[in-house]
Amino acid sequence: VTALGLNEGFVGAMTPRWLLTAVAVALAPIVRAVTPNNRVTAISPASFTVDHATVVTLTASVLNVGDKASFLPDCSTGTPTTPVDTGSATFTLTGVGTYKLCFQMSGQSDSVEQTGITVTALASTATETFSSITPSGISASTTTSISFFPTPAAGDKAEFVLSGTACPGIPGTDISSGSADFLISTVGTYELCLYTIGGGNIVKQTTVTLTVAAGTSPTLITALLPTSIPAGAATSIRLTGHVPGGLADFVLLGIPCSTVTPSTSLTAS
């Protein structure tokens, strides 16, 4: 009041009430709402692949129509643009690295970094990660160890799917040791679905395929004669039930047949 040239005596005796109210309003401090830095407390997933549209779910104390978010290296360099009032939204990042979640509350024009909330953008898994697999052909319904070349990285997972079939999700077989056991029951040609920790997405490999053929029945041979032979002496053995052209070999009891490949030809008799 004094700043306006009105002394206390003059105010008390001469100043109308409306003027006093106007002066009080003019001198009152203006308080503007700002976006808090803890509105969003968690996101899922916390990593995804570059150049791949990904749905991100936000956990927040409250979300309102008009709330927006963006992932940026620095929240001071841009303004959030993606509506997130429903609790989830689709984001696409174009460069590998770590991004901060920048949030803007409805009605505001700021860009506020949400404390502790970041996302990691990963490079895409290559379609030619492997040059070969061994063996490239297996028998159906027979558990077989398959090796991958070059050696996979830690955390790599793989699964085989019938040719032309989409990869169903993150594979469940860890191949980071360089090999793993696979059991496939359906005959056909299979493609390899690969998931890498460094890539973050699931990609079919274009350089390798696996052929699954009908397996040899474990009850094909019903009898053999003789049942004992002298060591070190070549002996003819009759196998009942065998198919001419087949291959067979004997291994010591307790040694799995998967450790050898039969090489002795069976002839008609």
Side-chain angles (χ1 to χ4, degrees), residues 32-130 152-176 191-206:
R32 298 184 182 277
V34 295
T35 299
N37 63 2
N38 59 353
R39 177 61 62 89
V40 179
T41 56
I43 60 171
S44 180
S47 64
F48 50 86
T49 307
V50 295
D51 299 321
H52 179 73
T54 304
V55 176
V56 178
T57 300
L58 292 79
T59 300
S61 55
V62 63
L63 290 172
N64 300 308
V65 174
D67 287 352
K68 298 177 182 178
S70 286
F71 288 104
L72 301 169
D74 184 345
C75 290
S76 65
T77 62
T79 301
T81 57
T82 303
V84 293
D85 55 280
T86 63
S88 64
T90 300
F91 297 87
T92 301
L93 298 177
T94 58
V96 173
T98 300
Y99 293 77
K100 299 174 181 178
L101 176 63
C102 306
F103 192 79
Q104 183 185 95
M105 194 168 62
S106 177
Q108 304 306 308
S109 58
D110 51 11
S111 177
V112 179
E113 176 186 339
Q114 297 300 284
T115 302
I117 307 299
T118 60
V119 68
T120 302
L122 304 171
S124 178
T125 300
T127 60
E128 299 178 354
T129 300
F130 300 120
D156 283 1
K157 296 181 179 182
E159 211 65 68
F160 289 96
V161 297
L162 275 169
S163 182
T165 303
C167 295
I170 294 179
T173 304
D174 190 318
I175 61 171
S176 56
E191 297 173 305
L192 179 66
C193 296
L194 175 66
Y195 171 83
T196 64
I197 295 297
N201 59 334
I202 306 159
V203 175
K204 276 189 179 182
Q205 297 298 289
T206 60

Rounded distance [0.5 Å steps], [atom1] in [X] versus [atom2] in [Y]:
| X | Y | atom1 | atom2 | answer |
| --- | --- | --- | --- | --- |
| L93 | H52 | CG | NE2 | 11.5 Å |
| K157 | T173 | NZ | OG1 | 9.0 Å |
| I117 | C102 | CD1 | SG | 12.0 Å |
| K100 | T77 | NZ | OG1 | 9.0 Å |
| N64 | D85 | CG | CG | 8.5 Å |
| F130 | I175 | CZ | CD1 | 3.5 Å |

Answer yes or no: is there a side-chain heavy-atom contact under 4.5 Å between T54 and T92?
no
Counting C-beta onward and ignoring hydrogens, is there a side-chain heavy-atom pair between I43 and Q114 closer than 4.5 Å?
no
Check whether any side-chain N or O of [X] sits under 3.5 Å from a backbone N or O of [Y] as a donor-acceptor pair, and report yes or no.
| X | Y | value |
| --- | --- | --- |
| K204 | T165 | yes |
| T59 | T41 | no |
| T35 | M105 | yes |
| Q104 | P80 | no |
| E113 | F103 | no |
| T206 | T127 | yes |
| Q205 | A126 | yes |
| T115 | N38 | no |

Can you name the closest pair of heavy atoms from [X] and [Y] and give their distance?
| X | Y | result |
| --- | --- | --- |
| A158 | L192 | CB-CD1, 3.6 Å |
| V112 | P36 | CG1-O, 3.8 Å |
| C193 | P171 | O-CG, 3.7 Å |
| P168 | V161 | CD-CG1, 3.9 Å |
| P83 | T81 | CD-O, 3.4 Å |
| V55 | S88 | CG1-CB, 4.3 Å |

Strictly by modelled atom types, are T118 and T98 linked by a side-chain donor-acceptor pair under 3.5 Å?
no
Test I170 against I202 for side chain to side chain contact (heavy atoms under 4.5 Å, CB included), laying out the working first.
CA-CA 7 Å; I170 294 179; I202 306 159; 3.8 Å; yes
Kindly indicate, with the supporting measurements, whether the criterion side chain to side chain contact (heavy atoms under 4.5 Å, CB included) is fulfilled by L194 and V203.
CA-CA 5 Å; L194 175 66; V203 175; 5.7 Å; no
Could you go step by step and tell me if V56 and F71 meet the side chain to side chain contact (heavy atoms under 4.5 Å, CB included) rule?
CA-CA 11 Å; V56 178; F71 288 104; 4.3 Å; yes
Go through the steps to decide whether L101 and L58 satisfy the test side chain to side chain contact (heavy atoms under 4.5 Å, CB included), and finish with yes or no.
CA-CA 10 Å; L101 176 63; L58 292 79; 4.3 Å; yes
